[in-house]
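Following this message is one structure expressed as structure tokens.
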Amino acid sequence: MPETSQGGLALKLFRKRRQARTITGVHLANGLIAAATIDRERGRQSRLLHAECIEISGRSDPERALRAALPPDHSTVNLVMAVDHYDLLLVEAPRVEPSELRAAVRWKVKNLIDFHIDDAVIDVFEIPGQQNRPQGQAMMYAVAARAREIQERIDLLENADCELHAIDITEMAMRNLAGRLDEDVRGVALLYFSDDHGLITLTHQGSLYLSRRLDTGIGAMLEDAAAAFDQITLEIQRSLDYYDSHFGQPPVSALYVLPGFAAHDALIEGLRDQLNVPVAGYSVDDVTTVETALPDQHAGPLLIALGGALRHEEVGL
């Protein structure tokens, strides 16, 4: 993978492998293992062949749960990290040769993470259109994860007899989901919620421009929906304003909300009333041929897993 591509997080851990036709995205979130398998025959829309989400607890055997989530003839796997297991940092792009980029970024992020830089695995990717910004203002994203946690997940997958192809982050999985929508030609905002937080991404023509984590999650919506909706609306509007003013792109053409929580429809209606952008629920049928049911209860994590499976690289690892 090129040093600064938006192809996904590689973390320099894998040998070059040929892209598989059938691939499973695995999302390891707190208390859940979600797996989605697609067939991506060239020239045709991908087909969703399998979707399974297993709840786990402190007493669960993670390897057994993973095997239960995977299809019987599970394929090559792309792992999607949960947002609380890495830091995504917006940093000033170092003006160095590509071969020196990761080393330069390590110095920039060492004081921005809450663990020692020697324990960190770093990857970087560009924000398009930064080359024309004035000197000292070009920005890029850095991903920092604990090497120990990365290795634990690699070991889990390998013990379950998975052929691990790549490691991605949740924001890149969301970018992959947004990139399958027709509106991504002009730009799309995508909104995802877990129990304790939200995540918004803004993409344009297959590239991630902006990501922001929200403190409001599904739990807050259950406790006080009105207050939670107001906070979510405020954070979305701030994100849209920042995107419009900092990246030189036209306003996004739509906001899509990933399903999987009780307040989904009510939130969409509230956002439609408050935002000057079309708002809709994200439907898996719009981006892939569905040959297996997508359980409503865990639709959000399963779509993140699907986003991992939809990962596309111009250059193989």
Exercise for the section: Any chance you could measure Ile218, atom CD1, to Asp196, atom CG, to the nearest 0.5 Å? Expected result: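 Atom-to-atom, Ile218:CD1 and Asp196:CG are 9.0 Å apart.
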Problem - Reported OG1-to-CG distance for the pair Thr22 and Leu49, which is rounded to 0.5 angstrom - result: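 It is 6.0 Å, given to the nearest 0.5 Å.
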Problem - Lys/Arg-Asp/Glu bridge criterion (N-O < 4.0 Å) met for Asp123, Arg102 - result: yes
Handout entry: Residue pair Gln231, Thr216: steps toward the side-chain hydrogen bond (donor to acceptor under 3.5 Å, both in side chains) verdict
Key = CA-CA 7 Å; Gln231 186 62 35; Thr216 307; 5.4 Å; no
Exercise for the section: Report the C-alpha distance between Phe115 and Asp87 in whole Å, list the side-chain angles of each, state the deciding distance to 0.1 Å, and finish with yes or no for side-chain contact (heavy atoms from CB on, under 4.5 Å). Expected result: CA-CA 11 Å; Phe115 53 99; Asp87 293 310; 3.8 Å; yes
Practice task
Keeping the roles fixed (side chain from Thr170, backbone from Met81), state whether a donor-acceptor pair exists under 3.5 Å.
Solution key: yes
Practice task
Taking Ser253 for its side chain and Glu183 for its backbone only, find out whether a donor-acceptor pair lies under 3.5 Å.
Solution key: yes
Practice task
Can you run down the side-chain hydrogen bond (donor to acceptor under 3.5 Å, both in side chains) pairs that involve residues 197-206, sequence neighbours left out, and say none if there aren't any?
Solution key: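 Sorted result for residues 197-206: Asp184-Thr203, Ser194-His197, His204-Gln249.
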Practice task
Output the distance between atom CG (Leu191) and atom CD1 (Ile232), rounded to the nearest 0.5 Å.
Solution key: 6.5 Å
Handout entry: CG (Asn276) with more than 12 external heavy atoms under 6.0 Å
Key =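 For Asn276, atom CG is not crowded (no more than 12 foreign heavy atoms under 6.0 Å).
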Exercise for the section: Please identify each residue that fulfils side-chain contact (heavy atoms from CB on, under 4.5 Å) with Ala34, with sequence neighbours left out. Expected result: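 Once residues adjacent in sequence are excluded, the partners of Ala34 under the side-chain contact (heavy atoms from CB on, under 4.5 Å) criterion are His27, Cys53, Pro301, Leu302, Ala305.
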Exercise for the section: May I ask you to test the Tyr141-Leu89 pair for a side-chain heavy-atom distance under 4.5 Å? Expected result: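 With C-beta onward as the side chain, the pair stays apart.
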Exercise for the section: Run the numbers on Asp39 and Arg21 for salt bridge (charged side-chain N to carboxylate O under 4.0 Å, His left out), then give the verdict. Expected result: CA-CA 6 Å; Asp39 182 300; Arg21 171 173 161 175; 3.0 Å; yes
Handout entry: Check: Pro251 and Val277 side chains under 4.5 Å, non-hydrogen atoms
Key =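 SC-SC contact between Val277 and Pro251 ruled out.
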Exercise for the section: Determine yes or no for a side-chain-to-main-chain donor-acceptor pair under 3.5 angstrom, with Thr288 supplying the side chain and Ser46 the backbone. Expected result: yes
Practice task
Show your working on side-chain contact (heavy atoms from CB on, under 4.5 Å) between Leu202 and Leu240 and close with a plain yes or no.
Solution key: CA-CA 8 Å; Leu202 286 88; Leu240 295 174; 3.7 Å; yes
Practice task
May I ask whether Val185 and Leu181 are part of the same hydrophobic cluster, defined by side-chain heavy atoms of I, L, V, M, F, W, Y residues being less than 4.5 angstrom apart, directly or through others?
Solution key: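 No, it is not one cluster - the side chains of Val185 and Leu181 are not joined through contacts under 4.5 Å.
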Fill in the blank from the handout: Residues pairing under salt bridge (Lys or Arg N to Asp or Glu O under 4.0 Å) where one sits in residues 281-310, two or more places apart or in two chains, turn out to be Arg47-Glu291
Handout entry: Intermediate values then yes/no, side-chain contact (heavy atoms from CB on, under 4.5 Å), Leu28 and Leu156
Key = CA-CA 11 Å; Leu28 302 181; Leu156 173 62; 4.0 Å; yes
Handout entry: Ala35 versus Leu70, closest heavy-atom pair with distance
Key =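 Closest pair (atom of Ala35, atom of Leu70, distance): CB-CD2, 4.3 Å.
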Handout entry: Set of salt bridge (charged side-chain N to carboxylate O under 4.0 Å, His left out) partners for Glu235, sequence neighbours left out
Key =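 Testing Glu235 for salt bridge (charged side-chain N to carboxylate O under 4.0 Å, His left out), a comparison that skips the adjacent residues, returns Arg212, Arg238.
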Practice task
Find the distance between CG (Leu303) and CE (Met174) and round it off to the nearest 0.5 Å.
Solution key: 10.5 Å
Problem - Arg153-His85 side chain donor-acceptor pair, cut-off 3.5 Å - result: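 Judged by distance alone, the side chains do pair up.
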Exercise for the section: Evaluate salt bridge (charged side-chain N to carboxylate O under 4.0 Å, His left out) for Lys110 paired with Asp118, printing each intermediate quantity in order. Expected result: CA-CA 9 Å; Lys110 61 182 298 185; Asp118 290 346; over 6 Å; no
Completion exercise
The reported gap from NE2 in His246 to CG in Asp244 (rounded to nearest 0.5 angstrom) is 11.0 Å
Exercise for the section: Look at the side chain of Arg311 and the backbone N and O of Gly307, then say whether any donor-acceptor pair between them is shorter than 3.5 Å. Expected result: no
Problem - Glu223: side-chain contact (heavy atoms from CB on, under 4.5 Å) partners, not counting sequence neighbours - result: none
Practice task
With sequence neighbours left out, write down each residue that passes side-chain contact (heavy atoms from CB on, under 4.5 Å) with Arg67, or none if nothing qualifies.
Solution key: Glu63, Ala160, Asp161
Exercise for the section: With sequence neighbours excluded, tell me which residues meet side-chain contact (heavy atoms from CB on, under 4.5 Å) with Arg213. Expected result: Val83, Tyr86, Leu88, Glu171, Leu199
Exercise for the section: Could you tell me whether a side-chain N or O of Asn78 sits under 3.5 Å from a main-chain N or O of Gly25, the two making a donor and an acceptor? Expected result: no
Handout entry: For His50, all residues meeting side chain to side chain donor-acceptor pair (under 3.5 Å), sequence neighbours excluded
Key =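 His50 satisfies side chain to side chain donor-acceptor pair (under 3.5 Å) with no other residue.
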Handout entry: Minimum side-chain heavy-atom gap Arg186-Pro250 below 4.5 Å
Key = no
Practice task
Can you see which heavy atom on Ile117 is nearest to which on Ile113, and at what distance?
Solution key: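 Here Ile117 and Ile113 meet closest at CD1-CD1, 4.1 Å.
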Practice task
Could you pull out the closest heavy-atom pair between Ala29 and Ala82, with the gap in Å?
Solution key: CA-CB, 4.0 Å
Exercise for the section: State, with a plain yes or no, whether a side-chain heavy atom of Thr24 is found less than 4.5 Å away from one of Thr76. Expected result: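 Of all side-chain heavy-atom pairs linking Thr76 with Thr24, none is under 4.5 Å.
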Exercise for the section: Work out which heavy atom in Tyr209 is nearest to a heavy atom in Phe247; give both atom names and the distance. Expected result: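 Smallest interatomic distance, heavy atoms only, reads O-CZ, 3.4 Å.
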Handout entry: Shortest non-hydrogen contact between Ile200 and Ser239, atoms and distance
Key =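 Closest approach of Ile200 to Ser239: CG2-OG, 3.8 Å.
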Practice task
Sequence neighbours left out, what pairs pass ring pair (Phe, Tyr, Trp, His ring centres under 6.0 Å) with at least one residue falling in residues 249-282?
Solution key: Phe193-Phe261, Phe261-His264
Practice task
Indicate yes or no: at least one non-hydrogen side-chain atom of Gln237 is less than 4.5 angstrom from one of Leu275.
Solution key: yes
Problem - Residues which pass side chain to side chain donor-acceptor pair (under 3.5 Å) with Arg272, listed by chain and number, not counting sequence neighbours - result: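 Only Glu269 meet the side chain to side chain donor-acceptor pair (under 3.5 Å) criterion with Arg272.
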Practice task
Kindly write out the residues that satisfy side chain to side chain donor-acceptor pair (under 3.5 Å) with Asp265, not counting sequence neighbours, or none if the list is empty.
Solution key: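 For Asp265, no residue satisfies side chain to side chain donor-acceptor pair (under 3.5 Å) once neighbours in sequence are set aside.
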Exercise for the section: For residues Phe229 and Met221, determine if any side-chain heavy atom of one lies less than 4.5 Å from a side-chain heavy atom of the other. Expected result: yes
Practice task
Determine, step by step, whether Leu177 and Val284 satisfy the side-chain contact (heavy atoms from CB on, under 4.5 Å) criterion, reporting the C-alpha distance in whole Å, the side-chain angles of both residues, the deciding distance to 0.1 Å, and the verdict.
Solution key: CA-CA 9 Å; Leu177 293 173; Val284 66; over 6 Å; no
Handout entry: Non-neighbouring partners of Ser57 that pass side chain to side chain donor-acceptor pair (under 3.5 Å), sequence neighbours left out
Key = Ser60
Exercise for the section: Is it possible for you to say whether Leu32 and Leu66 belong to one hydrophobic cluster, with membership spreading through side-chain heavy-atom contacts below 4.5 Å? Expected result: no
Exercise for the section: Evaluate whether atom CG of Asp241 has more than 12 neighbouring non-hydrogen atoms of other residues, nucleotides or ligands under 6.0 angstrom away. Expected result: yes
Problem - Non-hydrogen side-chain atoms of Ile127 and Leu90 separated by less than 4.5 Å - result: yes
Practice task
Look up atom CG in Leu101 and atom CD in Glu126, then write down how far apart they are to the nearest 0.5 Å.
Solution key: 8.0 Å
Handout entry: Minimal non-hydrogen separation, Thr37 against Pro71, with atom names
Key =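 Minimum heavy-atom contact is OG1-CG, 3.4 Å.
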Practice task
Check whether the side chains of His298 and Glu52 place a donor and an acceptor atom closer than 3.5 Å, and report yes or no.
Solution key: no
